[in-house]
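Data first, discussion second: the structure below is written as structure tokens.
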Number of protein chains: 2
Amino acid sequence: MRRLASELDTGPASLYVYVRNTAELHAAVLDELLGTVPLATESRRVAWNDRIARVLGSYTRVLMEHPTLARSALVTRPSGPNYLALVDCLLGLLREGGVPDDRSAWGIDLLLLFATSIAAEHGTRDQADQGPEQAFMTALRDASSARYPAIAALGNDLVSGSPEARYEWGVAVLLAGIASASRPAGEAEPSMQGGATS
Amino acid sequence: MRRLASELDTGPASLYVYVRNTAELHAAVLDELLGTVPLATESRRVAWNDRIARVLGSYTRVLMEHPTLARSALVTRPSGPNYLALVDCLLGLLREGGVPDDRSAWGIDLLLLFATSIAAEHGTRDQADQGPEQAFMTALRDASSARYPAIAALGNDLVSGSPEARYEWGVAVLLAGIASASRPAGEAEPSMQGGATS
DNA sequence: ACCTGAACACCGTTCAAGT
DNA sequence: ACCTGAACACCGTTCAAGT
């Protein structure tokens, strides 16, 4: 807020004429950036999974370059026009892939949550402290096989693979799971003791 | 920092003798809290998926009650003894379910990322402003069918279901996907142009 | 009516100075 | 050697006062 204000040569108070708080500012900026992600309406002759992976990848890349926005998007769900267009595009691709409507409705949340949280996690490390992911990795490597037998048994598998390969695999896992896991029955109409309503 | 310091009747500077920064403090507190999650070694005669869902649910519940820690865990990957015990337990359950080692090695990350980010997202809303999830939901409902055809086509499916039902389904999706999506070949040894190493 | 200076109530972190 | 008061450099948000 203060940085933006001084960039605009005013006091921070002036911003509150246009925006209610930081969350709303973040949401507005993010939606503006989302205007740049290409929605895969162009590419023909590409499998629907790959087109989803591509669109989701663009979204992830935008958030990766702006980790603050990713973290913000995680707590304040975006709902700007460009975000809705992204959702619409992904829903269309899932339908194209023959995923049943009720499954893609919930599945879209999973895909976007995954992309957003990966970006919030891995987003540009400011310092050269190489991140705490590495600390976790070495903790896994050094884990005593007496106390943590399963970790020790897995060995190098746990720390293998580039972040990119893991990301791609995550998307594949979600798509496979969304296509195969059926939704619980009787959730269309919330029950009398329902949780989401009111 | 300052709040904890004044709780301890000192200046905030004193804390830096025991802890390097806020992230490290958060990690230490979280690991302490994780000491309370019951690791499913007890329950016999329950399907492995359900036992995973149960353990992951306990983890999620802890984070839900401490949203700040959830957000912190998302950017600074925990690596304390109790977190490692949780990872070890989940790996054991996946193996018990017959999931191949290389898949469960990467799958564990997906499960924990999902739980952590759900908690960061839904964690105790401080105010009574009912959260921005609701704003997104109504945005979906009001989406013009001309601009967002796929959203309009899905209709009520998009906004159906309690958060709990969606969470449970998310875990099911991940487990189904992890079991079915094979890992990309040739990732065990990073290639010469590999990304994770160095 | 529209904008904003100045203040309020906070943060995390550092470091020189104390015991 | 171990601890810490006080300061530094920031935040987001509000509101009375200005034009």
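Here is the naming used below: chain letters follow the sequence lines, and residue numbers restart at 1 for every chain.
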Atom pairs and distances, donor-acceptor, side-chain atoms in residues 168-175 of chain A, under 3.5 Å, two or more places apart:
{"unit_1": "A:Trp169", "atom_1": "NE1", "unit_2": "B:Ala181", "atom_2": "O", "d": "3.2"}
{"unit_1": "A:Trp169", "atom_1": "NE1", "unit_2": "B:Ser182", "atom_2": "O", "d": "3.4"}

Ignoring hydrogens and angles, write down the donor-acceptor pairs under 3.5 Å from the side chains of residues 142-154 of chain A, residues two or more places apart or on other chains.
{"unit_1": "A:Ser144", "atom_1": "OG", "unit_2": "A:Ala146", "atom_2": "N", "d": "3.4"}
{"unit_1": "A:Ser144", "atom_1": "OG", "unit_2": "A:Arg147", "atom_2": "N", "d": "2.9"}
{"unit_1": "A:Tyr148", "atom_1": "OH", "unit_2": "B:Pro81", "atom_2": "O", "d": "3.1"}

Got a list of side-chain donor-acceptor pairs under 3.5 Å for residues 7-16 of chain A, not counting sequence neighbours?
{"unit_1": "A:Ser14", "atom_1": "OG", "unit_2": "A:Gly11", "atom_2": "O", "d": "3.3"}

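Comparing C:dA9 with D:dC10, their P atoms sit 22 Å apart, to the nearest whole Å.
Partners of B:Arg61 by side chain to side chain donor-acceptor pair (under 3.5 Å), not counting sequence neighbours: none found. Applying the ring-ring contact (aromatic ring centres under 6.0 Å, His included) test to A:Tyr59 and every residue at least two apart in sequence or in another chain returns nothing. In this structure, the salt bridge (Lys or Arg N to Asp or Glu O under 4.0 Å) partners of B:Arg166, at least two apart in sequence or on a different chain, are A:Asp109. Checked against salt bridge (Lys or Arg N to Asp or Glu O under 4.0 Å), A:Arg3 has no partners two or more places apart in sequence or in another chain.
The OH atom of A:Tyr83 sits 3.5 Å away from the CZ atom of A:Arg77 when rounded to the nearest 0.5 Å. For the atom pair A:Asp101 CG and A:Leu94 CG, the distance stands at 10.0 Å (nearest 0.5 Å). B:Ile178 CD1 to B:Ser104 OG: the interatomic distance, rounded to the nearest 0.5 Å, is 8.5 Å.
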Read 5' to 3' with Watson-Crick or G-U pairs under 3.5 Å, [ ] for crossing pairs and | for partners on another strand, DNA chain C gives ||.|||||...|||||.||
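The main-chain N or O of A:Ser160 is found under 3.5 Å from a side-chain atom of B:Trp106 such that the two form a donor-acceptor pair.
Of the residues in residues 1-10 of chain A, those with a non-hydrogen atom less than 4.0 angstrom from any atom of DNA chain C are A:Arg2, A:Thr10. Within residues 15-29 of chain A, the residues having any heavy atom under 4.0 Å from DNA chain D are, by residue number, A:Tyr16, A:Asn21, A:Thr22.
The span of DNA chain D lying next to chain B, judged by atoms under 4.0 Å from heavy atoms, is bounded 5' to 3' by D:dC3 to D:dA7.
Residue pairs meeting the side-chain hydrogen bond (donor to acceptor under 3.5 Å, both in side chains) criterion with at least one partner in residues 18-29 of chain A, sequence neighbours excluded, are A:Arg20-A:Glu24.
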